[in-house]
Amino acid sequence: MGTGTGIGRVRGLGSAKHGAHHWLAQRYTAVGNLLLVLWLVFSLISLPGLDYESVVSWIHNPLVAVPLMLMVVSIFMHLRLGMQVMLEDYVHDKGLAFFSMLVLNFYAFGGAAAGVFAIAKIAFIGVVKP
């Protein structure tokens with residue numbers, strides 16, 4: 001394999017060497033999501049009941065709360081990576097692309113932070129029954 005055409009090298013249209021990292025990160029989060037969601041489904045199936053008290057006491061266990069937090073972070077990271085590719089491919093206006101990426105990052109990080117906070121509040125602080 002060569003390094004592309006002569007005019008492509010002159011114009012700088014060769015590989016930017018960043019796509020492989022992004023592609024691998026998306027695949028890693030996909031595998032992590034698959035494993036964590038399967039763990040969640042089987043854990044919920046093994047509970048004696050899905051009432052409020054059972055689920056809250058289940059989340060109080062750190063061996064449950066930490067994987068739940070990891071799952072939330074992994075899902076939002078995977079969402080961010082996938083939406084970033086879509087925005088880069090289909091939004092051509094520079095200003096709109098910048099604004100879209102800004103909104104996407106705030107949404108992804110804010111959603112992950114809200115999810116982790118909610119799990120932490122239930123697991124480590126406790127909640128009052130509604």
Side-chain angles (χ1 to χ4, degrees):
M1 286 278 152
T3 57
T5 63
I7 192 72
R9 284 191 305 272
V10 170
R11 289 184 182 158
L13 299 177
S15 171
K17 307 267 191 285
H18 295 293
H21 175 312
H22 189 98
W23 185 85
L24 280 173
Q26 195 169 20
R27 290 337 178 249
Y28 290 150
T29 57
V31 171
N33 291 345
L34 177 67
L35 295 174
L36 289 166
V37 168
L38 284 173
W39 165 82
L40 176 68
V41 168
F42 288 118
S43 294
L44 289 175
I45 288 172
S46 69
L47 283 177
L50 292 177
D51 58 304
Y52 180 81
E53 290 82 17
S54 297
V55 174
V56 167
S57 65
W58 175 69
I59 294 175
H60 272 295
N61 183 355
L63 294 176
V64 171
V66 171
L68 278 176
M69 290 178 186
L70 290 173
M71 183 182 70
V72 167
V73 169
S74 179
I75 287 172
F76 274 99
M77 186 175 181
H78 186 75
L79 170 136
R80 186 188 160 279
L81 291 168
M83 291 297 292
Q84 178 182 345
V85 170
M86 185 194 72
L87 290 174
E88 288 171 349
D89 287 346
Y90 295 109
V91 179
H92 301 293
D93 180 66
K94 297 276 187 197
L96 184 59
F98 176 79
F99 179 72
S100 300
M101 287 300 296
L102 184 69
V103 169
L104 173 64
N105 284 326
F106 276 120
Y107 176 76
F109 293 128
V116 167
F117 175 77
I119 295 167
K121 185 173 180 181
I122 294 170
F124 305 119
I125 299 170
V127 292
V128 178
K129 185 175 179 180

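With hydrophobic clusters built from ILVMFWY side chains whose heavy atoms lie under 4.5 angstrom apart, Val85 does not share a cluster with Leu81. Clustering ILVMFWY residues whenever any of their side-chain heavy atoms sit less than 4.5 angstrom apart, transitively, puts Leu35 in a cluster other than the one holding Ile75. Taken together through direct or relayed side-chain contacts under 4.5 Å among Ile, Leu, Val, Met, Phe, Trp and Tyr, Val37 and Leu44 form part of one hydrophobic cluster. In the hydrophobic clustering of this structure, Val64 groups with Tyr52; members are Ile, Leu, Val, Met, Phe, Trp, Tyr whose side-chain heavy atoms approach within less than 4.5 Å, directly or through other members. Hydrophobic clustering (side-chain heavy atoms under 4.5 Å, transitive across Ile, Leu, Val, Met, Phe, Trp, Tyr) keeps Phe76 apart from Val31.
Closest approach of Gly32 to Ser74, counting heavy atoms only: C-OG, 4.4 Å. What you find for Gly111 and Val72 is that their closest heavy atoms are O-CG1, 4.5 Å. Of all non-hydrogen atoms in Pro67 and Pro62, the two that sit nearest each other are CD-O, 4.1 Å. Closest approach of Leu68 and Leu40 over heavy atoms only: CD2-CD1, 3.7 Å.
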- Query: Are Asp93 and Phe99 close enough, and set up right, to give a side-chain contact (heavy atoms from CB on, under 4.5 Å), and what steps lead you there?
  - Reply: CA-CA 10 Å; Asp93 180 66; Phe99 179 72; over 6 Å; no
- How far apart are the C-alpha atoms of Leu70 and Val66, what are their side-chain angles, what is the distance that settles it, and do they pass the side-chain contact (heavy atoms from CB on, under 4.5 Å) test? CA-CA 6 Å; Leu70 290 173; Val66 171; 4.3 Å; yes
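Leu38 meets the side chain to side chain contact (heavy atoms under 4.5 Å, CB included) test with Leu34, Phe42; sequence neighbours excluded. Considering only residues two or more places apart in sequence or on other chains, Leu104 meets the side chain to side chain contact (heavy atoms under 4.5 Å, CB included) condition with Leu79, Arg80, Met83, Gln84, Leu87, Met101.
A distance of 10.5 Å separates CE of Met77 from CG of Asn33, quoted to the nearest 0.5 Å. The distance from atom NZ of Lys121 to atom CD1 of Ile59, rounded to the nearest 0.5 Å, is 13.0 Å. Rounded to the nearest 0.5 angstrom, Met69 CE and Phe117 CZ are separated by 10.5 Å. Distance check, rounded to the nearest 0.5 Å: CG of Leu47 to OG of Ser57 gives 7.5 Å. The CD atom of Gln26 sits 12.5 Å away from atom NE2 of His21, with the distance rounded to the nearest 0.5 Å.
Residue-environment remark: CE (Met71) exceeds the threshold of 12 foreign heavy atoms within 6.0 Å.
Of the possible polar contacts, none joining the Ser54 side chain to the Leu50 backbone as a donor-acceptor pair under 3.5 Å is found. Side-chain atoms of Ser43 come within 3.5 Å of backbone N or O of Trp39 as a donor-acceptor pair.
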